[in-house]
Amino acid sequence: MGSVYNPMGKTVNVGLLGFGTVGSGVARILLEQSELLRQRAGMSIRLARICDLDITTSRGFPVASDILTDDVISLINDPELDIFIELIGGLEPARTFVLEAIQKGKHVITANKALLAAHGHEIFEAAARHGVELGFEASVGGGIPVVKAVKEGLVANRLQTVMGIMNGTANYILSRMTEEGMAFQDVLADAQRLGYAEADPSYDVEGIDTAHKLVIMAMLAFGTPVELSDIYIEGISRLSPLDISFAKEFGYRIKLLAIARNGNNGLELRVHPTMIPSEHLLAQVGGAYNAFYFVGDSVGKVFLYGLGAGQMPTGSAVVADVVDVARNLAGGTIGRVASLGLPYDMLKPLKRRPMDSLTACYYFRFSVVDRPKVLARISGILGDMDISIASVVQKGRGSRDSSVSVVMLTHEAHEVKVREALKRIDSLDVISGETMVIRIEDLKNLEKA
Ligand code: HSE
């Protein structure tokens with residue numbers, strides 16, 4: 001009766017590189033929950049070493065000084081360590097450290113989405129070759145177990161759509177701009193203070209961090225190699241409070257959405273601010289929360305929601321990967337689930353849908369000189385390009401020739417024609433500022449199985 005193998009007396013030794021926001025969360029969980037984790041993993045998990053350039057500043061909880069080091073080489077070369085956690089972020093030297101740890105036969109856990117998006121192929125291939133586990137749950141969705149959901153819980157499905165809100169900082173900014181009318185820069189400063197933002201916050205607000213996560217999710221969901229350059233990317237930095245209040249007026253919320261859909265026209269991959277109906281589940285996701293919406297052939301729709309950034313949620317995801325490795329060591333099942341859910345050499349290229357072939361409804365906000373015939377000239381160009389207008393709003397009336405905002409919503413139109421139309425409109429002498437364009441999605445097409 002019962003198991004013949006009892007590994008409870010054994011220990012897995014963990015080395016942590018990076019004792020910043022997330023690293024402190026990981027250390028805290030590993031130190032404070034060690035007994036709980038031992039019971040759940042079937043093995044003791046020992047935080048054996050922590051490496052950081054700053055090993056003197058208190059992180060607010062006790063850490064034995066003899067496990068702290070600032071010597072990364074000794075960490076990677078330490079033969080006692082079974083698991084190497086990389087939480088320094090960025091491309092180099094993180095890439096070199098991760099590859100060296102893999103070569104030394106260590107299981108690697110990382111939260112580094114930029115690294116996986118840029119060098120994932122090299123890293124996944126190296127991990128497979130050396131027979132080590134590569135855990136990256138924390139790289140996408142903070143504390144939400146999305147990687148495990150796709151690799152294991154949804155394994156029976158062909159997924160058609162993976163979409164969602166994948167950047168906590170951008171969502172936090174949009175939410176506070178929407179709810180409190182705050183200015184972009186003030187909210188960004190708050191997000192930085194709360195530890196949500198990247199070292200370079202332009203990654204958050206320009207959609208790059210979201211795109212890094214979409215690379216990872218699309219590889220997992222569709223079993224295909226994906227490059228950052230495959231993704232169409234637009235950020236939220238040009239959105240003004242005006243766009244947010246117009247969106248509200250039309251019954252929409254603006255969200256920075258990541259969308260991957262494997263449809264008849266090929267795999268579309270895009271990240272951009274999107275107006276979605278304000279009653280949709282995704283529109284309800286506020287603050288630093290993330291949400292992932294999957295559509296699979298058997299399961300139908302699945303929605304996962306939780307904190308997408310921050311010290312303890314992201315720490316929770318890192319520790320989940322640590323426990324997975326410990327369980328596999330305890331059970332002799334290392335490599336039970338391939339890093340990407342299927343052997344690395346089985347990834348297959350898929351036809352891509354070019355962005356130009358997209359059709360959507362659009363929101364345009366034109367800054368125009370307030371004088372007669374302006375609307376006629378703009379709508380003439382839109383008509384020439386087969387773009388049909390659904391509604392028009394002009395707010396206020398300036399003195400003659402002052403600049404005003406004119407907003408138009410279109411019926412479904414072709415992206416390629418929208419671009420051409422806007423090029424022509426923006427060259428009119430009555431246009432007094434940059435035109436804002438936001439795609440509108442009712443999400444119904446994306447929700448089809
Ligand atoms: N800067 C990221 C975000 C951190 O705001 O979502 C979590 O990946």
Side-chain angles (χ1 to χ4, degrees), residues 18 20-26 85-91 94 109-118 120 135-150 162-177 184-220 228 231 233 235-237 239 254-259 271-273 282 285-293 304-321:
T21 304
V22 178
S24 305
V26 171
I85 303 177
E86 180 276 306
L87 297 177
I88 55 173
L91 299 186
I109 293 166
T110 179
N112 194 333
K113 51 270 159 120
L115 178 65
L116 293 179
F136 53 97
E137 184 64 70
S139 65
V140 189
I144 316 171
V146 278
V147 172
K148 206 176 188 68
V150 176
V162 177
M163 63 179 167
I165 294 167
M166 305 189 188
N167 183 273
T169 303
N171 203 52
Y172 179 83
I173 293 173
L174 289 176
S175 302
R176 294 199 62 191
M177 285 176 77
F184 183 95
Q185 283 305 335
D186 295 343
V187 198
L188 174 59
D190 274 356
Q192 286 175 297
R193 195 176 39 75
L194 291 163
Y196 303 149
E198 296 302 299
D200 176 354
S202 71
Y203 275 43
D204 297 296
V205 297
E206 298 305 346
I208 299 160
D209 178 76
T210 303
H212 288 154
K213 292 164 177 166
L214 192 60
V215 167
I216 297 169
M217 290 313 291
M219 285 204 284
L220 277 169
L228 191 59
I231 298 184
I233 310 172
I236 61 166
S237 61
L239 292 175
I254 304 177
K255 292 291 180 189
L256 180 62
L257 282 198
I259 298 170
V271 171
H272 51 72
L282 281 168
V285 175
Y289 281 83
N290 280 193
F292 292 76
Y293 202 132
L304 296 178
Y305 167 83
L307 272 174
Q311 180 171 72
M312 300 314 284
T314 314
S316 155
V318 171
V319 174
D321 278 342

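When reading the values below, keep in mind they use all heavy atoms of this one structure, side chains included, and skip hydrogens, waters and symmetry mates. Note that ligands are numbered from 1 as they come in the structure, with each ligand's atoms numbered from 1 the same way.
- Checking only distances, Asp204 does come within under 3.5 Å of ligand 1, N or O to N or O.
- If you check which protein heavy atom lies closest to atom 6 (O) of ligand 1, you get Gly168 N, 2.7 Å.
- Set against the non-hydrogen atoms of Lys213, the atoms of ligand 1 under 4.0 Å away are 2 (C), 3 (C), 6 (O), 7 (C), 8 (O).
- When heavy-atom distances to ligand 1 are checked against a 4.0 Å cut-off, Asn167 comes that close through both its backbone and its side chain.
- Counting heavy atoms from C-beta on, the side chains of Leu256 and Val271 come closer than 4.5 Å.
- With a heavy-atom cut-off of 4.0 Å, Val140 does not touch ligand 1 at all.
- The shortest contact between atom 2 (C) of ligand 1 and any protein heavy atom is with Glu198 OE2, 3.1 Å.
- From the protein, the heavy atom lying nearest to atom 5 (O) of ligand 1 is Thr169 OG1, 2.6 Å.
- When each atom of ligand 1 is checked for a heavy atom of Tyr196 under 4.0 Å away, the hits are 1 (N), 2 (C), 3 (C), 4 (C), 5 (O).
- Panel note: side chain Lys213, backbone Ala258; no donor-acceptor pair is recorded below 3.5 Å.
- Scanning all heavy atoms of the two residues, the minimum distance from Tyr305 to Ile144 falls at C-CD1, 3.8 Å.
- Taking every non-hydrogen atom of Lys113 and a distance limit under 4.0 Å, the qualifying atoms of ligand 1 come out as 2 (C), 4 (C), 7 (C), 8 (O).
- Within the 3.5 Å criterion, the main-chain N or O of Gly89 finds a donor-acceptor partner in the side chain of Glu86.
- Residue contacts with ligand 1: Gly142 is excluded, as none of its non-hydrogen atoms falls under 4.0 Å.
- Within the 4.5 Å cutoff, side-chain heavy atoms of Val319 are placed close to those of Val26.
- In this structure, Tyr172 and Tyr196 have perpendicular ring planes: the angle between them is above 60°, well past the 30° mark.
- For the pair Phe184 and Ile236, the minimum side-chain heavy-atom distance is below 4.5 Å.
- A donor-acceptor distance shorter than 3.5 angstrom exists from the side chain of Glu137 to the backbone of Val146, with no hydrogens or angles considered.
- Scanning the protein heavy atoms around atom 7 (C) of ligand 1, the nearest turns out to be Gly308 O, 3.3 Å.
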